[in-house]
2 protein chains.
Amino acid sequence: MDARVRLSDVAKAAGVSSATVSRVLRRPELVSPGVRERILAVIEELGYFANPAARALASARTNVIGILIPSLTNNVFADVLRGIYSVAQDSPYDLQFANTRYSNLEEENLLRVFLSQKPAGLIVTGIDQSPASRALLKQASCPIVQIMETGDDPIDMMVGFSHVRSAHAATAHLVGQGYRRIAFLGARMDPRTRRRLQGYSRALEEAGLFDERLIVTTPRSSTVTLGCELLGLLLEKELNADAVFCNNDDLALGVLFECQRRRIATPAEMGVCGFNDLEMMAVANPSITSVRTFRQEMGERSIRMLIDRIEDRPVKAPVVDLGFELMARQSSQRRPPPL
Amino acid sequence: MDARVRLSDVAKAAGVSSATVSRVLRRPELVSPGVRERILAVIEELGYFANPAARALASARTNVIGILIPSLTNNVFADVLRGIYSVAQDSPYDLQFANTRYSNLEEENLLRVFLSQKPAGLIVTGIDQSPASRALLKQASCPIVQIMETGDDPIDMMVGFSHVRSAHAATAHLVGQGYRRIAFLGARMDPRTRRRLQGYSRALEEAGLFDERLIVTTPRSSTVTLGCELLGLLLEKELNADAVFCNNDDLALGVLFECQRRRIATPAEMGVCGFNDLEMMAVANPSITSVRTFRQEMGERSIRMLIDRIEDRPVKAPVVDLGFELMARQSSQRRPPPL
DNA sequence: TTGTACGCGTTATCAG
DNA sequence: CTGATAACGCGTACAA
């Protein structure tokens with residue numbers, strides 16, 4: 001089992017040269033059907049498996065698709081990865097993940113490592129790469145997809161959605177429900193969170209309701225516990241907040257629990273809206289309003305586009321906006337106050 | 001930037017042979033300090049980066065550590081991966097994940113693929129590999145760690161905990177709190193879940209409280225929503241259940257929400273206990289009793305053991321039981337009924 | 001359509 | 001301690 005069978009073994013067994021076997025693997029159409037069948041049979045029989053190292057060395061390219069994401073454990077990225085995985089699974093490509101830990105510098109280093117391996121393609125997160133990273137990517141010889149966001153000036157391809165617009169929609173929804181003192185709770189202020197804050201601010205400015213003091217943020221990474229704490233901080237400020245738009249669903253759930261503990265009625269006294277629409281939002285009690293994002297689809301689309309380009313198939317739309325959907329639920333359901 | 005600098009370039013620039021450069025990289029102690037320093041300087045200056053394919057081809061081994069887990073998206077494995085990642089990050093090893101989707105057959109196939117690459121090491125999940133997989137692993141030429149469980153008869157090394165004992169402890173806790181009709185809610189009945197069911201059953205048998213009808217399971221994968229549904233199913237059976245031990249925390253949270261919706265008081269009318277102790281359990285309202293498992297540490301330990309063995313450092317304990325901790329909280333806090 | 005022959009960048013063996 | 005030199009297994013011009 002450890003005595004690997006090589007290309008030449010297959011060739012010998014099939015009575016052809018190794019070049020022909022190689023062709024059957026790479027460009028079968030160049031080999032006559034008869035020979036092809038015979039070789040394929042031998043490959044099957046011997047359980048031949050190409051040595052990836054040799055292949056990479058000889059062809060100066062690999063079947064590795066590199067994936068750069070800020071966090072492996074964040075629910076959001078887990079869903080994206082699942083999407084990526086589901087289509088890569090039955091493709092000839094190997095996935096290689098790396099974790100930038102939300103650092104542009106790490107991203108740059110990882111990029112150098114990846115690029116030095118001549119990957120078949122690359123998926124990177126967001127649109128805020130450092131200038132050096134952008135330069136590296138621009139002159140890379142493989143296709144590249146940026147995910148999670150949309151923007152003008154894509155490096156190559158792009159699939160995501162607008163964080164500004166989605167947050168704007170969520171905030172506008174709260175305004176429409178009659179809330180007037182709408183706070184923002186934000187954790188790990190990465191670029192996408194910042195843009196959501198922008199959308200929030202813009203919506204409130206449009207409604208003449210913006211109050212900077214209602215913004216509570218922290219660099220810590222988001223957890224349910226943190227949601228509880230941030231709500232506590234907000235309440236301490238005594239600003240008469242009557243709703244919170246949360247950076248993400250973890251925080252929103254924490255807010256819900258903390259409201260329950262403090263006997264603050266949701267949605268009557270405190271409206272709550274999350275972001276991402278994790279599965280649990282719909283079944284919480286009360287159910288929690290959130291902004292649905294299409295994370296798994298984002299993963300699927302991105303890797304599909306990438307593979308299409310790797311294999312020289314035309315990609316109709318190189319920039320895809322997947323949009324979002326406001327899921328209005330009980331936690332924000334309040335009629336406007338009576339006149 | 002695309003014109004890669006090779007080993008020979010370094011050699012030329014340093015005025016030595018490429019063999020010497022290679023030695024500096026692999027076995028620096030065999031090179032005289034003076035030459036070594038000079039070469040290292042040149043490497044730095046030229047930004048030399050070894051070609052992994054060439055290296056793998058020439059040395060017939062790779063720096064790839066393969067990780068086989070059943071699911072990429074499950075919270076539990078995400079934590080384990082984080083642990084693995086955190087120590088692999090600054091090691092020379094590349095991680096390569098693969099997803100067995102809880103299938104022994106897929107695992108077997110993936111194993112063949114991995115093994116054919118001569119990985120430096122392998123991490124596999126659980127102890128229920130197929131006989132064929134076990135055989136493959138046994139004769140593999142690299143170290144192997146099984147994670148998530150402990151058991152006798154390790155393939156090589158092992159780090160996990162006892163699912164039977166931990167579930168037993170949780171169930172005994174509920175019994176100790178005075179609950180008498182304790183149900184089991186289980187999703188995705190994988191081997192570890194089954195063993196937890198065993199622990200549950202055993203504890204109730206010991207207390208003379210076992211009733212098979214109180215066991216509600218499904219092959220579907222676990223979600224909070226599913227927790228709501230399973231509780232519904234349980235209640236339909238009208239068995240006077242007064243507590244539920246859940247397969248995992250997602251289900252437990254769903255049960256809590258569903259109890260709230262149905263106005264079933266927790267913990268008075270219904271005790272709830274989860275498994276894994278996800279972060280949110282402690283801040284739920286009421287806080288949810290759970291069994292804490294050391295997932296991140298499991299990842300860290302496993303990869304550390306693996307790397308130690310790869311690098312021929314002695315591993316003191318090749319089988320590690322990380323244990324568990326019962327986190328008793330409000331959701332199971334009921335005094336025994338008055339006499 | 002098929003075979004020959006060389007090269008990919010490194011490691012390893014063996015002299016020196 | 002250092003330097004030739006031959007693999008490692010496959011891809012690919014080029015020739016046939």
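Every chain is numbered from 1 and lettered A, B, ... according to where its sequence line falls, protein lines coming before strand lines.
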Is there a donor and acceptor pair, one atom on the side chain of A:R27 and one on the base of D:dG11, closer than 3.5 Å? no
To the nearest angstrom, how far is A:R55 atom CZ from D:dC8 atom P? 19 Å
Answer with base, sugar-phosphate or nothing: what part of the nucleic acid does A:R23 contact at a heavy-atom distance below 4.0 Å? base
Which part of the nucleic acid, if any, lies within contact of B:L7, taking any heavy atom under 4.0 Å across all strands shown: a base, the sugar-phosphate backbone alone, or nothing? base
Checking C:dT2, D:dC8, D:dC10 against the side chain of B:A58 (C-beta onward), the nearest is D:dC8
When the distance from CG of B:L57 to P of D:dA6 is rounded to whole Å, what number comes out? 17 Å
Between A:Q129 and A:I155 the two heavy atoms that sit nearest each other are OE1-CD1, 4.2 Å
Interatomic distance where CZ belongs to A:R6 and P belongs to D:dC10 [whole Å]: 8 Å
Validation row: A:L306, A:I65 side chains within 4.5 angstrom (heavy atoms): yes
Whether A:S59 contacts D:dG11 is assessed here as follows: a side-chain N or O lying under 4.0 Å from the phosphate OP1 or OP2. Is that the case? no
Check whether any side-chain N or O of B:S22 sits under 4.0 Å from OP1 or OP2 of C:dT11, and answer yes or no. yes
Take the protein atom CG of B:N51 and the nucleotide atom C1' of C:dT11, then report the distance between them rounded to whole Å. 13 Å
What contact category does A:A56 fall into here, base, sugar-phosphate, or nothing, at under 4.0 angstrom with non-hydrogen atoms? nothing
For a quick check of understanding: with a heavy-atom distance under 4.0 Å over all strands, which category does A:V21 fall into, base, sugar-phosphate or nothing? nothing
Within the 4.0 Å heavy-atom criterion, would you say A:T20 contacts the bases, only the backbone, or no part of the nucleic acid? sugar-phosphate
B:R26 CZ - C:dT10 C1' separation (whole Å): 9 Å
Just compare D:dT2, C:dG3, C:dT10 and give me whichever is closest to any side-chain atom of B:V35. D:dT2
Length of the CD1-C1' vector between A:I39 and D:dC10, whole Å: 15 Å
Distance below 4.0 Å between A:Y48 side-chain N/O and D:dC10 OP1 or OP2: yes
Does a sphere of radius 6.0 Å around CZ in B:R188 hold more than 12 heavy atoms from other residues, nucleotides or ligands, not counting ones at 6.0 Å or beyond? yes
Going from CG on A:D79 to CZ on A:R295, what distance comes out if it is rounded to the nearest 0.5 angstrom? 4.5 Å
Tell me: NZ of A:K12 to C1' of D:dG9, nearest whole Å? 13 Å
So, OP1 or OP2 of D:dT2: does either fall under 4.0 Å of a side-chain N or O from B:S32? yes
Under 3.5 Å, is there an N or O donor on one side and an acceptor on the other linking the side chain of A:R61 and the base of D:dG11? no
Answer with base, sugar-phosphate or nothing: what part of the nucleic acid does A:A19 contact at a heavy-atom distance below 4.0 Å? base
Does a sphere of radius 6.0 Å around CG in B:D153 hold more than 12 heavy atoms from other residues, nucleotides or ligands, not counting ones at 6.0 Å or beyond? yes
With the threshold set at 4.0 Å, does a side-chain nitrogen-carboxylate oxygen contact exist between B:K138 and B:D156? no
Could you check how far CG of A:L30 sits from C1' of C:dG3, rounded to whole Å? 14 Å
